[in-house]
Colleague: 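Handing you this structure, nothing more for now.
Each chain gets a letter, A, B and so on, in the order its sequence line appears, and its residues count up from 1.
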Amino acid sequence: MTAPDSAAPIEPLAYDAAAVEAKWRARWLERGTNRTDLAAGPRPYYGLMMFPYPSAEGLHVGNLFAFTGNDIHGRFQRLQGHTVFEPLGYDAFGIHSENYALKVGVHPMELIPRNIANFRRQLDRAGLMVDWTRSVDTTDPVYYRWTQWVFLQLYHRGLAYKKKAGVNWCPSCKTVLANEQVIAGECERCGTKVTQRFLEQWFFRITDYAKRLLDNLDGLDWSESTKSAQRNWIGASEGAEVRFRVLDPLGDAGSAAVMVSREITTGSAEIAVFTTRPDTIFGATYLVLAPEHPLVDVITSDAERASVAAYRARTAQQDIVSRKTTKEKTGAFTGAYAVNPATGDMIPVWIADYVLMEYGTGAIMAVPGHDERDFEFATKFDLPIVRVVAGAGESARTPLTAAFTDDTGGTLVNSERFDGIPVSEAKGMVTAWLAERKSAKAVTTYRLHDWCISRQRYWGPPIPIIYCDACGTVPVPERDLPVVLPNIADYTPDDSGVSPLARHEEWYHVACPSCGKPARRETDVSDTFLDSAWYFLRYPSVGNDTVAFDPAITKRWLPVTTYIGGNEHAVLHLLYSRFTTMVMKDAGLLDFEEPYTKFRAHGLIIRDGAKMSKSRGNVVNPDEYLDQWGADTLRTYLMFLGPFEEGGDFRDASISGVRRFLERIWASVRDASASGAADREVLKKLHQTIRKVGDDIPKLSYNTAIAAMMEYVNVLRRGERAPHRDEVLPLVQLVSPFAPHIAEELWEMLGHSASVFDSGWPAFDASLVVEDGFDLVVQVNGKTRGKVRVATSVTQADALAAARGDAAIAKFITGEPKKVVLVPGRLLSIVV
RNA sequence: GCGGGGGUGGCGGAAUUGGCAGACGCGCUGGACUUAGGAUCCAGUGGGGCAACCCGUGCGGGUUCAAGUCCCGCCCUUCGCACCA
């Protein structure tokens, strides 16, 4: 029998990911599917994702993972009827770009646009619902004009100031290094010994906002890990500031009695210290100042001047990192003495580098009996150690072989009127007692430092300040913004420690905006964290070049509804943008002070159990996977390999399962029949799935949502049954946030002409999932012995009867039940 | 040291917050269809045992009819902070 001329049976249309994806990329562009109507769309939903640094290597699967997770969330919100705004831009300034440009010998102004073009190409393939008409590029003068404007707002509010600060300096790279670039006192790149330099730098007074930044955290819907990292970083500690009077260094150091009387008449200097343990003041046997402390010059005796100067010089040379990590105690005696306000004793004043100028008051009262560092120091320099706290089973005379630092269980000893009082109570009591005598006050100190925004480099927005001999420091008037970063050929940093911009004469020299006389520009550029501290304010106002952010559109779209990003920015970026927002609020420019209502940190994609890195050679290039599997498969796979907030291990092996899942959906829709009726059991599973996926997506439980859809497809296709159209149509909507291209194609195959993303979310019908009975699990003496089918509303007595009627279970019910517990809808527990 | 996550089959991971441990996927085993299978489909798959059953969520205790989940004491791991007074 030969077939008639109608040829072989028609090949069923196979899923061709590349064709489908190309078709829908073009269609979305042409229809403007991803453009957001910012002015009129109902129920605004601002779904922000952290913008990437456009590296020369191109998009990383880690970026893709993060963006996809955010995109799914955004597409889901759109299906729920929100007007979703999902912008994306480029964070392209900074030392990374500059160093890379120097390395490959291509100017950043040439390199960055090239990188951005490549990023854009890759991002377009990823199927993100990004509104590209409102993108930002931090290196574009159209953008950084407003970054400079933000600087000026802070400057005008007295929140930007200049001060000298120590920085890590690599003499070989001729550049300032961040603390994390210093490895064991050496430059991470070239291995040269790092030194410390003092440079005039611009700072933002973020410490003025420490309390607000800390207190507001409680009310934010953020990942707990992120809030905790911020709390850690702000580092509030409660304690007391205690003042110690310094004795006249010229006096006779041999007699305490004489000294005390002299000191009252001369009224010499006071040293303020910060302590979290005011209760231990009776054990404060010496004071220590940071070597940089301004009082050191005042109090140092002639006899000690040379050794103090030598010690200070040595400290000034040391790099900042090794100073903080070298535990070996060093120091020098100043020759001065102070009075312990609790005991009246004369105690020596030392300087040591274990005391940091930038924390607290830059001075401490040393209590060697109850602080490990002080104990070590006192032991080394033979200073007195006094016990003032006794732990359980200890007395005032129990010798101290190490510092006793427990501040929960102890009671005070050798502390006069406070003897016997528990440490927990004594803290407040001692502070109050000292306060009465005008020697102390309760204070909270923060670990947070002011934000240094100066960079002595080329690739950043110039700080908009002009120095005039007549007028002093003059901010660039807003009408003169932007201060354009000049395109200079030689942007290599040099040994001067001054930005390369200083070498560009015609840019550097400028007329003073205030008096017109010759003046000079600030040559530092600002930190990239300033670029990203306000970018979310800009997106909705992109295109409006008369303001940084339009008040009406800002009111409509901000604060950001959901922000998703990596935990590597949990501290600095998020803190700086919160601070900037608070300042804008205080300036009356915004009516909210927390920029991100909800923040979730995504996890990290690792490979072979390790973070992806070039040196390890385990970096996954998304292009390869997009070519081989398509964006829909890669997206869904990335979301399936683990919980979104934890990340997961990328492995080639399991991607095929996800691809098979999409193919099965494709075949189900292709083969669906419109005649007859949908199967009731299948519909039940469908509606359970609608509920599950709808519950899981908002929780970012993408992996379990996908698993639920896979389960449904297994039911749908069981035994190679032919699905009904009503069984597959809602599935296309469910899967669409994950696999948008194939969903659009299938939606069209089902006869729709509009986008699936404007079709709404399938309705969940509770009546379809009602079960008329269920399998009751029966436990006897705590062990599962079987299950019986019973009615949903079964009573305990009926359940027990049913269990007894099942031979396999009944044989374990050996006597009269002592106790019976029925968990409705779940199980029956019988104790015999 | 302080703070935040984690420890579940061969692997990635589920488990409605105290209620059938191992959903879903990979891998593996067997089968079907095939000239063929690295395609597709079906079935099985924590360990032990012929079986009835027994044992199993890092370790040791405890609470409970019932513990991966709660309590106490440890171990390991990962991330953040750290000479911060």
Colleague: Pick the C1' atom in B:U8 and in B:A67, then give their distance to the nearest Å.
Modeller: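 B:U8 and B:A67 have their C1' atoms separated by 14 Å.
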Colleague: Below 3.5 Å is the cut-off: list the nitrogen or oxygen pairs between protein and nucleotides 17-19 of chain B, distance only.
Modeller:
from: B:G19; atom 1: N2; to: A:Gln779; atom 2: OE1; distance (Å): 3.4

Colleague: To the side chain of A:Asn714, which of B:C24, B:G27, B:C83 is closest?
Modeller: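 Comparing B:C24, B:G27, B:C83 against the side chain of A:Asn714, the answer is B:C24.
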Colleague: Of the options B:C26, B:C24, B:A85, whose atoms approach the side-chain atoms of A:Thr275 most closely?
Modeller: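 For A:Thr275, the side-chain atoms sit closest to B:A85.
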Colleague: Of the options B:G3, B:C24, B:U40, whose atoms approach the side-chain atoms of A:Asn232 most closely?
Modeller: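 For the A:Asn232 side chain, the nearest candidate turns out to be B:G3.
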Colleague: Which residues pass the ring pair (Phe, Tyr, Trp, His ring centres under 6.0 Å) test with A:Tyr354, not counting sequence neighbours?
Modeller: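 Per chain and number, A:Tyr354 pairs via ring pair (Phe, Tyr, Trp, His ring centres under 6.0 Å) with A:Phe377.
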Colleague: Please pick, from B:A85, B:C53, B:G12, the nucleotide with the shortest atom-to-atom distance to any side-chain atom of A:Arg785.
Modeller: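 Ranking B:A85, B:C53, B:G12 by closest atom to the A:Arg785 side chain puts B:C53 first.
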Colleague: Across the strands shown, which category fits A:Val355 at heavy-atom distances under 4.0 angstrom: base, sugar-phosphate, nothing?
Modeller: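 Contact class for A:Val355: base.
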Colleague: May I ask you to decide whether A:Arg721 forms a salt bridge with A:Glu681, counting only side-chain N to carboxylate O separations under 4.0 Å?
Modeller: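 Answer for the salt bridge query: no.
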Colleague: Of the listed nucleotides (B:C41, B:C65, B:C24), which one gets closest to any side-chain atom of A:Arg664?
Modeller: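 Nearest to the side-chain atoms of A:Arg664, counting from C-beta on, is B:C41.
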Colleague: For B:G46 and B:G25, measure between their P atoms and round to the nearest Å.
Modeller: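 Taking atom P in both B:G46 and B:G25, they lie 15 Å apart.
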Colleague: Tell me, what's RNA chain B's dot-bracket, Watson-Crick or G-U with both distances under 3.5 Å, | for other-strand, [ ] crossing?
Modeller: (((((((..(((......[....)))((((((.......))))))(((....)))..(((((..]....))))))))))))....
